[in-house]
Amino acid sequence: MVTQIISTMETQVSNGPSGTSLPNGPVISTNGSTDDSKTNLIVNYLPQNMTQEEFKSLFGSIGEIESCKLVRDKITGGLSLSPGQSLGYGFVNYVDPNDADKAINTLNGLKLQTKTIKVSYARPSSASIRDANLYVSGLPKTMNQKDMEQLFSQYGRIITSRILVDQVTAGISRGVGFIRFDKRNEAEEAIKGLNGQKPLGAAEPITVKFANNPSQKTGQALLTQLYQTAARRYTGPLHHQTQRFSMIPSLGKGPDPNNSSKPILDNLLNASYGVKSSPTLFPRFSPITIDSMTSLAGVNLTGPTGAGWCIFVYNLSPEADESVLWQLFGPFGAVTNVKVIRDFTTNKCKGFGFVTMTNYDEAAMAIASLNGYRLGDRVLQVSFKTSKQHKA
DNA sequence: TGCGATT
């Protein structure tokens, strides 16, 4: 049975900010420490391959960041070659509480590759909320998330819950789930009360125990997970050289314009690939090769000069902002930077912007899909950014 | 029909 890898990833959770809302500025408590409950956010369900830099770039587009951290695995990080595998969540602390609020409003629910990110206020860090996540197995297949919450809610406040579903049969329960309580002692009580018990009408007893903390995984489990994550990245379509470039002349064909009344993000998600190329496994073409080919075609591309592939987006509305570009391009792969060009005096978008993507394949896919895409009452024109200086 | 750089 194939199951969703995402479902096994542990994520951290949050509540709303504690206390009443206040105007701007950091709040200094009586003991001298700063209260960051209105500026500090937790971000869950980040794409596995998102880097600290991409994370900072995305949230930095909202406002000034006091600090941010993509949480990574200690064990793989300890192997010193890599920074450690992303655990799929992170924290962002803004300088201004208004920016934290804005980040929640504009970035919560943003689709990036195969994930839908969650942005919410972080609960203050405290020992009592740690290790409060439970793993439940043997659940009746008919039991849904709400039923499970009902069963567990007598023991405390539930922060999140989920039931794992089989991927190929589209949503049949695996009889396995997770329940996170607000406090560890609530989780302990739930184990005492429910482990080995039969839910009403169930044939078999359920097992309730503390969930594995991802940072406590064995080296073997981590290697397995790394392998699975890597394998998923490379299962997308590969194109040999001529196929790659034949994609460019076909740019006029974006998503069906007649279908543009559908929610944009739904269309994008269906069109997107979770493909990420590896320089080691699939060496990409050198900028020299690309330049010589595109010069023949009378087009100059800005190559992957360090940062990545720069994409020009034309026909944005005057109201467009960075989050629009993240939403449009994020589903196609790693985006390192977005920029809406504004008139300095009016602060309105001048009708165009730029997006930088790390990988050629993902950038080409984004262009092929988004060029000609109808955004509101406008039809976008999307292409690689041209080089003005050396244009023929 | 328009390709930044107020970091």
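Below, chain A is the first sequence line, B the second, and so on; all start at residue 1. In this text, all values refer to a predicted model and were calculated from it rather than measured experimentally.
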(request) Give a yes/no verdict on a cation-pi contact between A:R378 and A:Y373, requiring under 6.0 Å between NZ or CZ and the six-membered ring centre and an angle within 45° of the axis. (result)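 No, A:R378 and A:Y373 do not form such a contact.
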- Ring-on-base stacking between A:F352 and B:dG4, under 5.5 Å between centres and under 30° between planes: is it there? no
Only one of A:K102, A:R342, A:K339 passes salt bridge (Lys or Arg N to Asp or Glu O under 4.0 Å) with A:E322, and that residue is A:R342
Side chain of [X] only, please: which of [options] is the nearest?
{"X": "A:N337", "options": "B:dT1, B:dC3, B:dG4", "value": "B:dG4"}
{"X": "A:K339", "options": "B:dT7, B:dC3, B:dT6", "value": "B:dT7"}
{"X": "A:C310", "options": "B:dC3, B:dG4, B:dT6", "value": "B:dG4"}
{"X": "A:I341", "options": "B:dG4, B:dT1, B:dC3", "value": "B:dG4"}

To the nearest Å, give me how far apart [atom1] ([X]) and [atom2] ([N]) are.
{"X": "A:E322", "N": "B:dG4", "atom1": "CD", "atom2": "P", "value": "16 Å"}
{"X": "A:R342", "N": "B:dT7", "atom1": "CZ", "atom2": "P", "value": "10 Å"}
{"X": "A:K348", "N": "B:dT6", "atom1": "NZ", "atom2": "C1'", "value": "18 Å"}
{"X": "A:N315", "N": "B:dC3", "atom1": "CG", "atom2": "P", "value": "13 Å"}
{"X": "A:F354", "N": "B:dG4", "atom1": "CZ", "atom2": "C1'", "value": "5 Å"}
{"X": "A:K350", "N": "B:dA5", "atom1": "NZ", "atom2": "C1'", "value": "11 Å"}

query = Has A:K385 got a side-chain N or O lying under 4.0 Å from the OP1 or OP2 atom of B:dA5?
reply =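 For A:K385, the contact criterion (side-chain N or O under 4.0 Å from OP1 or OP2 of B:dA5) is not met.
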Exercise. Is there a side-chain contact between A:F384 and A:Y360 (heavy atoms, below 4.5 Å)?
Worked result: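 Touching, per the 4.5 Å side-chain cut-off.
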CE of A:M357 to CG of A:N359: how many Å apart, nearest 0.5 Å?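 Rounded to the nearest 0.5 Å, the CE-CG separation comes out at 7.5 Å.
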